[in-house]
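A short worksheet on the structure shown next.
The chain is numbered in sequence order, starting from 1. Since we're looking at a predicted model, the values are computed, not measured.
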Amino acid sequence: MEETEEKTIELEEGMECVQKGLNKLKIIIEGEPESFTSDEYVMLYTTIYNMCTQKAPHDYSQQLYHKYKEAVEDYILTIVLPSLNKKHDEFLLKELEKRWASHKLMVKWLLKFFRYLDKFFIKRAEVPALNEVGLSCFRDLVYHDVKNRVTDAVIALIDQEREGEKIDRVLLKSVINLYIDMGKGRMDYYVNDFEEAMLRDSACHYSRKASTWIVEDSCPEYMLKAEECLQKEKDRVSHYLHSSTETKLLEKMQNQVLITYTNQLLEKEDSGCRALLKDEKVEDLTRMYSLFHKFPKGIELVAEIFKQHVAAEGMVVVQQAADVANNKTESSGGSHEQDFVKKAFELHDKYMVYVKGCFADNSIFHKALKEAFEVFCNKSVAGSSTAELLASYCDNTLKKGGSEQLSDKVIEDTLEKVVKLVTYISDKDVFAEFYRKKLSRRLLFDRSANEEHERLILSKLKQQCGGQFTSKMEGMVTDLSLVKDNQTHFQEYISNNPATNPGIDMTVTVLTTGFWPSYKSCDLSLPVEMAKGVESFKEFYQKKTKHRKLTWIFSLGQCNLNGKFEQKTIELILGTYQAAALLLFNASDKWSYADIKTELNLADDDLVRVLASVSCAKYKILNKEPSGRTVSSTDHFEFNSQFTDKMRRIRVPLPPVDDRKKMVEEVGKDRRYAIDACLVRIMKAKKVLTHQQLILKCVEQLSKMFKPDVKAIK
C-alpha cells in the first residue's frame, strides 16, 4: 500500500479561510438571517486544527492566537464602538446591554472554532486564555471608553425612580452586572467606577430632600417619609444593585435624613418625641425606635426624653397625693398613700409596655425607666417616704379584711409590682424596717390572710435585694410556724403535771430576739390567774431549753374576758394591759388612777392609753369621774354595770401609738453600725487605701441598701 501524505496548509491560504469564516460570524452576530452550514463549520474548525497541529515550521498556533485577538478587536472597533458613540442616556445603556450580549456570543462562537488552540497552545505558551483575551479586549476598548457616560446614565435613572418615575429595572440590573463582569467577579470596577459615584449622588439627593422635609413636615410625617425611603433603597438593592451596597447606601441615606437632623427632629415642639409620649402615639414611637436604634446619639436622646417624661408624670402623681393629703380628703381608691402606690403601679405598667413594645425591650430604655422612677420614688409623699407607703400598701394587701378582696393571681401580681418599686427606692432599709414592723403585727395578732403570700413576697424581695435583706423577716415567719408545735408540747406538759395547770386557756408565742422589732417590756403585775400561767410556761420552757432566757412582752398579748353586765354577758377581746386593769374591778367596783397604777406597776403613758380605751372611747366599760375624753392622774374609775352592746363579742382597741419617729431613729442607728462594719470589711480586704478611695468604696457597697451620708462615713 502507498502511504498518502496530508497536504500542508500554508499560512496565507489558512488565514484566508479563517478570515472568511470570521466575516460570516460578524454577519450572524449582527442579527442577519445567516448561519453556518455543517460543512462550513467543519471546514473552519478543521483548518484551524490542522494549522495548529502541523509540524514546524508550519505550526501556525502563534499566528492564529494573534488572529483571534485581532478578530475581536476589529469587531469592537468597526461595529461596537461606533454604535455606542451614537447613543446617550437610557439608549446608551440599552445599546451597551445589546453589545455586551453580542460580544459574549461572539467569543462563545470563536471558542468553538479555536478550541484546539485554547486547549493545548495556551498551556504550552503560557499566555492568557482566549476567553480572558475576549474580556480584556472589551474592557480595554469599550468599557474604559464609555464607563463615565454609562455611570452617569445609570445614576440618572436611579434618581428618576427616586422621584417616582417608572424605569426599566431589568436593564439597570444587566448594566450594573457589567461592572462586576469586568472584574471577573471581583468588585473593584463596581466599587470604583459606579458605587462611589452613586453613593455620592444618593447623599446629595437625600440632603436636599431632608432639608425640605425638616421645615415642612411634622415629626411623624418626616419619619414616615424616612421609613418609606429606607424601604425603597432596600428594594433597589434587591432588584438591581449588588447586595454589598445595601449597608453603605442605607448609611448614606440615614446620615443625611436621620443623623444630621436628630436633635431638630426629636425635639420638634408640637410633634417630637415628648409630644408623641404625651399623646400616646405608640405606632409613631415604634417607628422612631426602628429608625434611630442603630445610632447611639439618636437612641440615647430618645431614652433621655422618655426618662424625663416618665419622671415628670411621676412627680404629678406625687403632687396629687400631696394635694389630697392637704385637703384631708380621700379618693375613691382609698387613702392618699394607697392611691399614690396604685398610680405608681399604673405608671410603671403603662411605660413598661412602651419599653417592651415600642422600644423592643432595649436595655437602654429599661435603664431610663428605672432612673425615672428613682427620681420621684425617692421624693417625700405628703410627709411620708415611698418606702413607708409601700410597706403600708403591702400590709393592706396581705392582712385579713384589707381594702379589697383580691384573687391569688392579682395579689401575686401586686406583690411583684411592689418589689419592683422597692428596687427603685434608695432607702431600702427604711422599707425593711417598716415592713418588718407591720409584718410582726400581722403575724402576732393573726391578721395575715395567707402564709403563702407572706413567703412569696419575701422570696421576691430576697431575689431582688439579697438574703441579708430578708433574713430577719424569714425568721419571723418561721417563728410563727413553730408556735403550734410549741403549744402542743406545753399542753402535754400540763396534762402530765396537773399541779401546773393555770386554770385558763393560754397560748404562748416564743419569738427569737434578733428577728423581731424591739418592743418595750415592763414588769406588769399580773392577775393571779395569768401569773400562774406564766410560771407554768417558764418551768416547761426551762426543762425544754436550758440556756435560753425568756423576756415577757405583755404589750403584745391578747386576752378574752367575759364581762358580766346587768343586761347580758359580753365577751371582751382585749390586750393584756387592758385585761389586767379590768380584772382589778372583780375585787372592787371603784378604783382611783393612782391605785390602779400601783397595782399594775405600769408607766403613765401606757396606763393613760389603757384607761382611755375602756372609759373614753367607743366602749365605756368603766365610768370615769370626772367625765371627759382624756384621762388624768386625779381621775376615779367605776365598773359600768349598765354597759351593753348589740354584739355578744367585741374587740376593744387600744389607741394607736405613733412609733414612726422611733423606727426612723432605729434605722439611723442601724446605718451607723452598717457604716462601721463596711469600713472594717473594706480595710481588712484592701489593707491600704487613700481616704477618698475608702469613702468611694464604702458608698458603693452601702448604696445597695441606703444612700450613705458622707459626713457619717468620715
Side-chain angles (χ1 to χ4, degrees), residues 337-338 341-342 344-346 348-349 352 355-356 361 366 369-370 373-374 377 385-486 509-517 663 667 670 674 701-706:
E337 295 99 334
Q338 298 288 312
V341 175
K342 281 183 181 177
F345 288 166
E346 287 166 10
H348 194 269
D349 288 347
M352 187 53 81
V355 170
K356 291 188 172 179
D361 224 4
H366 278 285
L369 185 66
K370 176 178 178 286
F373 268 76
E374 284 171 351
C377 281
S385 69
T386 305
E388 294 172 58
L389 300 186
L390 285 171
S392 297
Y393 190 86
C394 284
D395 185 52
N396 204 46
T397 304
L398 293 168
K399 71 184 180 185
K400 289 176 182 173
S403 61
E404 298 173 53
Q405 293 300 314
L406 304 172
S407 68
D408 286 357
K409 180 72 173 74
V410 173
I411 289 175
E412 284 178 29
D413 289 345
T414 302
L415 297 180
E416 184 75 53
K417 291 171 187 175
V418 168
V419 173
K420 194 67 188 172
L421 288 192
V422 169
T423 62
Y424 298 142
I425 58 178
S426 54
D427 297 334
K428 294 182 180 66
D429 56 344
V430 174
F431 169 82
E433 190 60 34
F434 277 88
Y435 185 86
R436 199 158 63 101
K437 190 78 174 177
K438 291 180 183 297
L439 172 64
S440 70
R441 297 191 71 80
R442 288 199 301 280
L443 295 176
L444 293 174
F445 300 118
D446 193 27
R447 291 181 190 164
S448 178
N450 188 316
E451 188 182 333
E452 278 185 26
H453 292 155
E454 297 286 5
R455 291 189 182 277
L456 177 67
I457 187 169
L458 292 182
S459 72
K460 290 181 185 295
L461 285 168
K462 188 176 185 177
Q463 203 174 344
Q464 287 288 347
C465 307
Q468 191 181 349
F469 187 82
T470 56
S471 59
K472 289 182 179 179
M473 301 175 208
E474 288 173 319
M476 290 162 69
V477 175
T478 303
D479 276 354
L480 261 288
S481 67
L482 299 174
V483 168
K484 281 185 182 175
D485 289 343
N486 219 23
T509 305
V510 181
L511 312 179
T512 308
T513 307
F515 295 155
W516 296 77
M663 289 167 71
V667 169
D670 289 344
Q701 288 190 18
L702 293 173
S703 57
K704 291 170 186 171
M705 280 298 286
F706 62 92

Partner set under side chain to side chain contact (heavy atoms under 4.5 Å, CB included) for Thr509, not counting sequence neighbours: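 With neighbours one apart ignored, the set is Leu444, Leu480, Val483, Leu511.
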Residues that Phe515 engages under side chain to side chain contact (heavy atoms under 4.5 Å, CB included), provided they are two or more places apart: Met476, Asp479, Thr512
Separation of Asn396 CG from Leu389 CG (nearest 0.5 Å): 12.0 Å
Spacing of CG belonging to Asn450 relative to CG belonging to Asp408, to within rounding of 0.5 Å: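 So the CG of Asn450 and the CG of Asp408 are separated by 6.0 Å.
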Flag, side chain of Lys428 to backbone of Ile425, donor-acceptor distance under 3.5 Å: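 Yes, the answer is positive, given that a donor and an acceptor are paired below the 3.5 Å cut-off.
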Donor-acceptor contact below 3.5 Å, side chain Lys438 vs main chain Ser392: no
Residues two or more places apart in sequence or in another chain: which of them pass side-chain hydrogen bond (donor to acceptor under 3.5 Å, both in side chains) with [X]?
X	answer
Ser448	Glu454
Arg441	none
Asp361	His366
Lys409	Asp413

Does the side chain of [Y] come within less than 4.5 Å of [X]'s, by heavy atoms?
X	Y	value
Leu443	Trp516	yes
Leu398	Leu415	yes
Phe345	Val341	yes
Leu456	Ser459	yes
Thr423	Leu421	no

Looking at residues at least two apart in the chain, or sitting in another chain, which of them share a salt bridge (charged side-chain N to carboxylate O under 4.0 Å, His left out) with [X]?
X	value
Lys417	Asp349
Glu374	Lys370
Glu346	none
Arg447	none

Of all the heavy-atom pairs spanning [X] and [Y], show the shortest one and how long it is.
X	Y	value
Phe431	Ala391	CE1-N, 3.6 Å
Thr386	Cys377	OG1-O, 2.6 Å
Ser385	Val430	OG-CG1, 4.0 Å

Donor-acceptor contacts, no H, no angles, side chain residues 460-474, under 3.5 Å, sequence neighbours left out:
{"residue": "Lys460", "atom": "NZ", "partner": "Glu416", "partner atom": "OE1", "Å": "2.6"}
{"residue": "Ser471", "atom": "OG", "partner": "Gln468", "partner atom": "O", "Å": "3.3"}

Audit row: Glu452, Arg455, salt bridge (charged side-chain N to carboxylate O under 4.0 Å, His left out) steps and yes/no: CA-CA 5 Å; Glu452 278 185 26; Arg455 291 189 182 277; over 6 Å; no
Residues that His348 engages under ring-ring contact (aromatic ring centres under 6.0 Å, His included), provided they are two or more places apart: Phe373, Tyr424
